[in-house]
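Values reported hereafter were calculated over all heavy atoms of this structure, with side chains retained and with hydrogens, waters and symmetry mates removed. Just so we're on the same page: letters track the sequence lines, and every chain starts at 1.
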Amino acid sequence: MKAHLTELLTLAAKSIAPEGSNVGTLDIQLERPKTAQHGDWATNLAMTLAKPLRQNPRAIAEALIKALPASAYLGKVEIAGAGFINFFLNAKAKQAVVGLIFQQTERFGHNDTGHDAAGTPRKVQVEFVSANPTGPLHVGHGRGAAVGDCLARLLQADGWDVTREFYYNDAGVQIDNLTKSVQSRCHGLTPEDAGWPEDGYRGDYIADVAAAYLAKATVVADDVQVTASGDIEDAVAIRHFAVAYLRHEQDLDLRAFGIKFDVFSLESALYTEGKVENTVKSLIASGHTYELDAALWLRTTDFGDDKDRVMRKTDGGYTYFVPDVAYHVDKWQRGFARVINEQGADHHSTITRVRAGLQALDIGIPLGWPDYVLHQMVTVMRGGEEVKLSKRAGSYVTLRDLIEEVGCDATRYFLAARRADSQLVFDIDLARAQTNDNPVYYIQYAHARICSVLNQWGGKVESLQHADLSPLQAVHEAALMQRLSEFPEIVKAAAQELAPHMIANYLKELASDLHSYYNAEQFLVENEALKLARMALISATRQVLKNGLNLLGVRAPEKM
RNA sequence: GCGCCCGUAGCUCAGAUGGAUAGAGUGUUGGUUUCCGAAACCAAAGGUCACUGGUUCGAAUCCAGUCGGGCGCACCA
């Protein structure tokens, strides 16, 4: 419809433009007005033409309307405000979306933005969560999980070939701390005791790991299986076991949250496979490094950083960003046209360094690759007070606690329904409420309500595909159909902006339109033609609610 | 001190590409059910879009500065 109106306006603009003018090539902006009074579509074309044509915008608008070719979809066209042209579609044009939804079903809202010229989906990787295997996932990881998974779903709908990936930092200082902590617990120490490691992990779960180790338990994580030796003095064995144990714990957290990864990458593998060494060699060869004070530095200031960064410490170890660069070289070599890293905002300083390292290598990686989506902190509230402690983890609220308390659907919704770059307050009381306060239930209720009506009607939903829609003339019906037709644009915009919260907001509005309609009109009426048309409309609405909820990873229940 | 993000109704937040009278939920007040699920609907009230200046026919949106909050500024990740 947008394309149709653009064409009409282009023709009109050309016909009123003076000889030799280039107004016909102007970008035509069409938007959906906020209020129904302003029609179904509006353009500011007359205002943008005012300057080049040196005429009053309203006069131009009048001329444009007069020059508009005939259209089968237009009702009336009006001038409003300073020179807006408002288009009112006729009933038939509005009703068309219902047929389209029946035709496309679960693919309604999808598009092919991610396809290449040959029509093949391009490869995109979404890396998210990527927690250190040193403890259970916390709320912050939960936000990353919810946002990252929704991004993956959105990009899939946008026509991309998506890989979900989790990167484990299973090498480095934090893992040493973990090992020491478990070993101390094996020795019977607690965090309150004198000999407890300085930066040790204090949560109760460390005691669980130690107990399992001493009991010679076997744990499975992704592709590895580790059986504990029970030898308290064997730090290497403890380390392997503890990492595997906590990876398994995190797998359980993710499963409870309904999230599946395609690939798990291990930092340790980058070392054992020589990828870190190779990257360092290449960086040295690139000429962007230097030695100073017995350390090796990368001249990241060549690529926009505010100071150079150490790559190899005086103790011979690499700083964390070096394996990170190696990891991204690996991603590039795996053929991802796009990579999106979803991380907590506290990691934002890595962005410049990783990109600088990739540019220094000069292997054809575009500037600004990879993309980053950073989410801000989450504060959890209960009874008007901030919740800070969890028994299990010691110092933070775990994702599993939240899921157990408020449910998977509400947790996902609340963590994905806000812009990633603003701080989020997670109100447990609100998320738990099974009342109209709670937007998750509000949306799910709309879906269940429709299912209930369709049930009582008792006919076959597929038979509605070719129902005559012309009886749909009520204002709430026009509003609902208008909203349905917006869905594909919202999906496209949300994918482009990497902003899943746009879907959550859209669904609230769609649910609201449905509830208003429900209260204003009786669906199961005597008039058979009207009843069938209404069954078709609410059935289409049900489909879009389901498609939208699916993008968020939230269930669309038939009964509640 | 430097860098990144944020500041919109009492509270929690939307306002994609600059557009018309800045919206929703919640809370407050009042109303709606012999009828498809009241987990719903309708209505009223509630605003210096942090502040100041600039760009523009037009700014919550773009630019500069000020104030306030968060995060980062390790040879930690």
Side-chain angles (χ1 to χ4, degrees), chain A residues 27 29 31 33-35 37-38 42 44 47-48 50-51 57 80-84 86 130-132 134 169 171-175 177 199 267 293-297 305-307 309-315 317-321 323-324 344-352 374-377 379 381 384 414 417-427 430 433-439 441-442 444-446 448-457 489-490 492-494 496-497 499 501-502 504-506 508-509 511-512 514-525 534 538 559-560:
Chain A
D27 241 9
Q29 294 176 37
E31 57 171 22
K34 285 168 194 153
T35 67
Q37 293 170 8
H38 296 142
N44 60 354
M47 283 133 100
T48 57
K51 213 169 201 178
F84 288 100
N86 294 336
S130 293
N132 289 348
T134 55
N169 288 111
V173 177
Q174 297 308 324
I175 300 299
N177 288 336
D199 293 317
E267 182 185 10
D293 299 335
L296 180 67
W297 297 69
D305 204 350
D306 51 5
K307 61 180 181 185
R309 306 290 168 175
V310 169
M311 291 171 58
R312 191 171 58 223
K313 302 181 275 186
T314 46
D315 69 4
Y318 293 114
T319 56
Y320 71 91
F321 92 90
D324 237 13
D346 53 343
H347 290 76
H348 80 255
S349 59
T350 67
I351 298 175
T352 318
L374 302 180
H375 64 261
Q376 297 284 330
M377 302 284 106
T379 312
M381 305 286 285
F414 275 75
R418 302 280 182 247
R419 292 168 49 99
D421 57 10
S422 63
Q423 293 161 43
L424 185 150
V425 176
F426 193 110
D427 184 339
L430 178 61
Q434 307 223 342
T435 67
N436 47 353
D437 309 2
N438 192 330
Y441 291 110
Y442 183 79
Q444 290 184 323
Y445 180 47
R449 217 174 196 186
I450 293 171
C451 291
S452 170
V453 175
L454 289 172
N455 249 341
Q456 286 174 55
W457 167 59
E489 297 161 34
I490 296 287
K492 200 168 185 173
Q496 190 186 327
E497 305 284 317
H501 75 277
M502 292 174 74
N505 289 324
Y506 170 82
K508 262 200 308 198
E509 285 167 353
S512 170
L514 186 276
H515 288 309
S516 292
Y517 177 35
Y518 181 94
N519 278 277
E521 307 287 346
Q522 182 78 13
F523 298 166
L524 296 168
V525 290
R534 288 185 167 165
I538 63 169
K559 281 181 185 167
M560 295 173 67

### Message
Using the salt bridge (charged side-chain N to carboxylate O under 4.0 Å, His left out) criterion, which residues pair with A:Arg312? Sequence neighbours excluded.
### Response
A:Glu291
#### Entry: By salt bridge (charged side-chain N to carboxylate O under 4.0 Å, His left out) - contacts of A:Glu521 (at least two apart)
A:Arg534
### Task
Under the ring-ring contact (aromatic ring centres under 6.0 Å, His included) rule, collect the residues that match up with A:Tyr506, sequence neighbours excluded.
A:Phe487
## Note on the structure
Note, RNA chain B 5' to 3' with Watson-Crick or G-U pairs under 3.5 Å encoded as ( ), [ ], | and . gives (((((((..((((.....[...)))).(((((.......))))).....(((((..]....))))))))))))....
Could I get a table of every N or O pair under 3.5 Å where one atom is in the protein and the other is in nucleotides 17-21 of chain B?
residue: B:G19; atom: N7; partner: A:Asn44; partner atom: ND2; Å: 2.9
residue: B:A20; atom: OP2; partner: A:Lys34; partner atom: NZ; Å: 3.3
residue: B:A20; atom: N6; partner: A:Asn86; partner atom: OD1; Å: 3.0
residue: B:A20; atom: N1; partner: A:Asn86; partner atom: OD1; Å: 3.1
residue: B:A20; atom: N1; partner: A:Asn86; partner atom: ND2; Å: 3.2

### Query
Who are the salt bridge (charged side-chain N to carboxylate O under 4.0 Å, His left out) partners of A:Asp346, not counting sequence neighbours?
none
### Message
Suppose we screen for side chain to side chain contact (heavy atoms under 4.5 Å, CB included). Which residues come up paired with A:Lys508, at least two apart in sequence or across chains?
### Response
A:Tyr413, A:Pro439, A:Ile443, A:Asn505
### Query
For A:Tyr320 and B:A74, is the shortest distance between a side-chain N/O and OP1 or OP2 below 4.0 Å?
no
### Task
For A:Thr314, enumerate each residue passing the side-chain hydrogen bond (donor to acceptor under 3.5 Å, both in side chains) test, keeping only those at least two apart in sequence or located in another chain.
none
#### Entry: A:Asp427: partners by salt bridge (charged side-chain N to carboxylate O under 4.0 Å, His left out), with sequence neighbours left out
none
What protein N or O atoms touch nucleotides 2-4 of chain B N or O atoms at under 3.5 angstrom, if any, and at what distances?
residue: B:G3; atom: N2; partner: A:His348; partner atom: NE2; Å: 3.1

### Query
For A:Met381, what residues pass the side chain to side chain contact (heavy atoms under 4.5 Å, CB included) criterion, not counting sequence neighbours?
A:Thr379, A:Glu386, A:Val425
### Query
With A:Ser349, which residues qualify under side chain to side chain contact (heavy atoms under 4.5 Å, CB included), at least two apart?
A:Tyr320, A:Arg353
